[in-house]
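Quick notes on the structure that follows.
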Amino acid sequence: MKRTILSVIYFLVIVAVITSCNSSNTKNTDNSTVVNDRKWWKEAVVYQIYPRSFKDSDGDGVGDLKGIIAKLDYLKSLGIDAIWLNPIYSSPNDDNGYDISDYRNIMKEFGTMEDFNALLKGMHERGIKLVMDLVVNHSSDEHEWFKQSRSSRTNPYRNYYHWWNAEKGTPSPRYSLFDINHDAWKYDSLTNAYYLHYFSRKQPDLNWENPKLRTEVYDIMKFWLDKGIDGFRMDAFQFVAKDTTFPIFPLGYEKDFIKYYGMVNPIHDYLKEMHKEVFSKYDVMSVAEGAGNSFEDAHNLVDADRNELNMAYAFDAVDIAKPEGYSVVKLKEIFTKWDSAFAQKGWLSVYLANHDQARMVSRFGNDAPEFRELSSKMLSTFLMTMRGTPYYYNGDELGMTNIRFENIEDYKDMPTLNEYQHQKNIGGDIKHFMETIKFGCRDNGRTPFQWDSSFNAGFTTGTPWIKVNPNYNTINAAAQEKDNNSCLNYFRQLTRLRKENLALVYGKYTILDKSNTDVYAYTREMDGKKLLVILNFKSTLSTVTTGIDVSKAKVLLSNYSVPGNNTKLRPYEAVVYELQ
Ligand code: NOJ
């Protein structure tokens with residue numbers, strides 16, 4: 001009897017230990033957070049490089065790996081920990097590298113495998129990790145697999161993609177994000193069948209139901225991980241699994257397509273298999289683009305005990321910015337609900353911009369000359385003081401802005417050009433369309449990095465693949481190096497601040513003055529340390545009521561050089577206090 005009781009107690013203790021280990025952050029009785037699961041990828045600031053636009057070393061107008069190598073000391077000086085590099089693999093560039101024709105080779109315009117090896121070595125020597133893009137929802141139609149696949153119905157590669165034989169009738173409609181007609185089925189007369197492409201016609205979707213395809217993907221991942229890279233950002237990953245009976249979706253499904261395309265069964269089986277075959281063997285990070293349709297979906301992707309991925313990023317915050325503005329209350333609600341859903345378990349990523357968005361300062365801040373620097377620094381303060389891993393897009397540290405092209409000929413982005421044609425075909429409002437893309441087209445975030453005030457902003461000696469923003473004469477890295485108060489030097493202070501205050505990474509987040517329409521205020525606390533962050537998101541004087549006495553607090557960082565008033569904030573004012 002005694003032995004039975006002892007075994008029950010023993011069992012309960014074990015269960016309690018396992019449960020606490022499975023939760024990444026647990027709470028102390030004093031309600032502050034105790035970190036029991038520190039990870040490098042939680043503490044990292046991830047800086048994203050869009051290689052095509054970063055630095056051109058050979059004058060062909062396209063950024064390249066040698067260009068990045070030339071800027072490694074600059075990257076180190078930012079205080080970032082990891083770089084997410086957009087695709088650099090062989091590609092015909094229908095979608096700037098998101099259409100891969102050889103997963104084990106480097107795109108010619110970007111350089112060679114030797115350049116890649118040198119880049120990785122140079123990064124590691126400087127303590128910077130490398131995260132590569134993994135694009136395996138689709139390949140290029142110029143990939144050998146697809147060439148084989150389309151050649152005949154009996155080719156061994158046929159099942160690497162999704163085909164629908166035409167004698168069965170037309171397949172049920174699927175929406176394509178990038179196609180000129182938004183039709184995701186392309187008829188191919190060679191074998192009298194349709195193939196599926198959620199993105200462009202040149203990006204056929206891979207068939208994850210096929211175990212051979214999955215093994216190929218795991219081998220590709222191991223190929224790069226064995227070279228020493230430190231993780232993957234997984235492109236459009238929430239879409240990889242499909243119901244291959246292709247049921248008819250209700251009318252209007254395309255307005256909410258993630259609900260139908262995202263997280264289809266058995267995606268978690270695939271991820272668990274990938275984890276077992278690949279991730280479990282390396283100390284690397286993984287982040288999925290897209291987090292499904294609910295917190296439950298997101299948790300199922302990233303919770304440590306699921307053995308799938310580390311992080312995912314959702315789109316709801318970046319989606320609220322509109323040409324007519326956005327609600328600061330809404331922004332606060334979104335970040336707050338994500339934070340509370342992940343406070344005890346799982347891990348978040350935090351971002352406001354990337355290569356699929358226009359410039360952060362033009363969408364969420366104010367790029368008018370009098371407010372550009374202030375609002376850019378304010379937004380950077382926000383990103384660097386939230387819980388979760390921040391993803392920071394190249395050029396935002398300079399406060400680079402939207403270019404706002406007037407002519408369609410200046411745009412290079414394939415989906416934008418296809419949509420322009422689509423609007424023309426359906427007699428759409430072209431004037432309105434042109435205005436929308438000035439605000440939101442991703443080319444705005446892809447103009448060349450502004451290094452200095454020399455020809456083409458020091459990006460290339462040739463003709464850049466996309467026009468340089470003419471404001472490079474005033475907004476450029478060289479000028480900002482010399483100015484202690486520049487956005488660039490402010491960003492360096494922010495990365496240092498985050499490094500010096502683990503509470504900014506793991507600490508409990510509490511929003512204050514929630515319904516304030518202008519100001520975002522919150523505290524971050526851990527191990528007896530408490531920081532207060534106050535951000536004015538407006539160009540007006542704004543009032544905030546935090547209920548916290550800051551008279552004895554220390555200002556750790558502010559984007560104004562002269563101290564202000566803690567309840568009346570100046571335009572785009574940002575202050576980080578340490579409370580005593
Ligand atoms: C998401 C990527 O971020 C985007 O740039 C790309 O066009 C699509 N996936 C298709 O790969």
Side-chain angles (χ1 to χ4, degrees), residues 46 48-54 63 83-101 103 107 110 131-143 146 161-162 174-180 182 184 186 195-206 208 217 220 231-240 242 257-258 261-263 286-292 309 311-319 349 351-360 391-394 411-419 437 440-447 465-466:
V46 181
Q48 183 191 349
I49 292 185
Y50 196 65
R52 208 173 181 75
S53 303
F54 194 62
I83 285 172
W84 154 25
L85 200 54
N86 288 101
I88 55 164
Y89 318 95
S90 302
S91 164
N93 278 312
D94 180 51
D95 186 19
N96 286 1
Y98 281 95
D99 48 319
I100 297 169
S101 52
Y103 288 91
M107 189 191 299
F110 286 176
V131 175
M132 304 259 286
D133 229 300
L134 182 72
V135 189
V136 287
N137 172 69
H138 46 268
S139 72
S140 160
D141 66 339
E142 295 182 36
H143 193 291
F146 190 73
Y161 297 86
H162 296 284
R174 285 296 178 269
Y175 175 79
S176 158
L177 283 89
F178 289 178
D179 191 75
I180 207 158
H182 294 295
K186 169 91 174 75
Y195 68 84
L196 184 73
H197 61 92
Y198 279 178
F199 295 91
S200 89
R201 293 172 191 179
K202 289 189 65 62
Q203 295 169 297
D205 282 39
L206 289 161
W208 276 70
V217 171
I220 291 165
F232 287 111
R233 174 265 184 188
M234 301 169 61
D235 185 71
F237 203 81
Q238 58 177 344
F239 299 151
V240 296
K242 276 118 188 156
F257 68 91
I258 295 187
Y261 285 13
M263 310 305 296
S286 53
V287 52
E289 183 199 26
L309 301 174
M311 276 176 272
Y313 64 83
F315 307 114
D316 37 0
V318 288
D319 281 351
S349 46
Y351 76 109
L352 284 177
N354 61 31
H355 68 292
D356 288 334
Q357 311 288 330
R359 281 288 167 190
M360 172 171 88
Y391 287 76
Y392 197 87
Y393 187 57
N394 60 187
Y411 285 93
K412 305 291 172 204
D413 181 43
M414 171 268 293
T416 303
L417 297 175
N418 281 355
E419 189 56 28
I437 59 178
C441 175
R442 49 192 198 170
D443 276 347
N444 285 294
R446 297 177 176 184
T447 60
W465 71 275
I466 188 168

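What you see below is based on every heavy atom in this structure, not just the backbone, and it leaves out hydrogens, waters and symmetry mates. Order of listing sets the numbers, starting from 1, for every ligand and every atom in it.
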Suppose we measure from [atom] to each protein heavy atom; which comes out shortest, and what is that distance?
atom                   : result
atom 8 (C) of ligand 1 : Phe199 CE2, 3.8 Å
atom 5 (O) of ligand 1 : Asp356 OD1, 2.7 Å
atom 9 (N) of ligand 1 : Asp235 OD1, 2.9 Å
atom 6 (C) of ligand 1 : Asp95 OD2, 3.3 Å

So if I count the atoms of ligand 1 from 1 in the order they appear, which ones are less than 4.0 Å from some heavy atom of [X]?
X      : value
Arg233 : 2 (C), 3 (O)
Phe178 : 7 (O)
His138 : 10 (C), 11 (O)
Arg442 : 4 (C), 5 (O), 6 (C), 7 (O)

Nearest heavy-atom neighbours spanning Pro92 and Ser101: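 Nearest pair, atom of Pro92 first, then Ser101: CD-OG, 3.8 Å.
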Part of Met414 within contact of ligand 1 (heavy atoms, under 4.0 Å):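 No part of Met414 is near ligand 1 at this cut-off.
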NZ/NE/NH1/NH2 to OD/OE distance under 4.0 Å, Asp413 and Arg442: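 Result for this pair is yes, salt bridge flagged.
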Classify the ring geometry between [X] and [Y] as parallel (under 30°), tilted (30 to 60°) or perpendicular (over 60°).
X      : Y      : result
Trp208 : Phe237 : perpendicular
Tyr98  : His355 : parallel
Tyr175 : His182 : parallel
His143 : Tyr103 : tilted
Tyr313 : Trp84  : tilted

Residue-ligand contact Gln357/ligand 1, heavy atom below 4.0 Å: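 The answer is no: ligand 1 sits nowhere under 4.0 Å from a heavy atom of Gln357.
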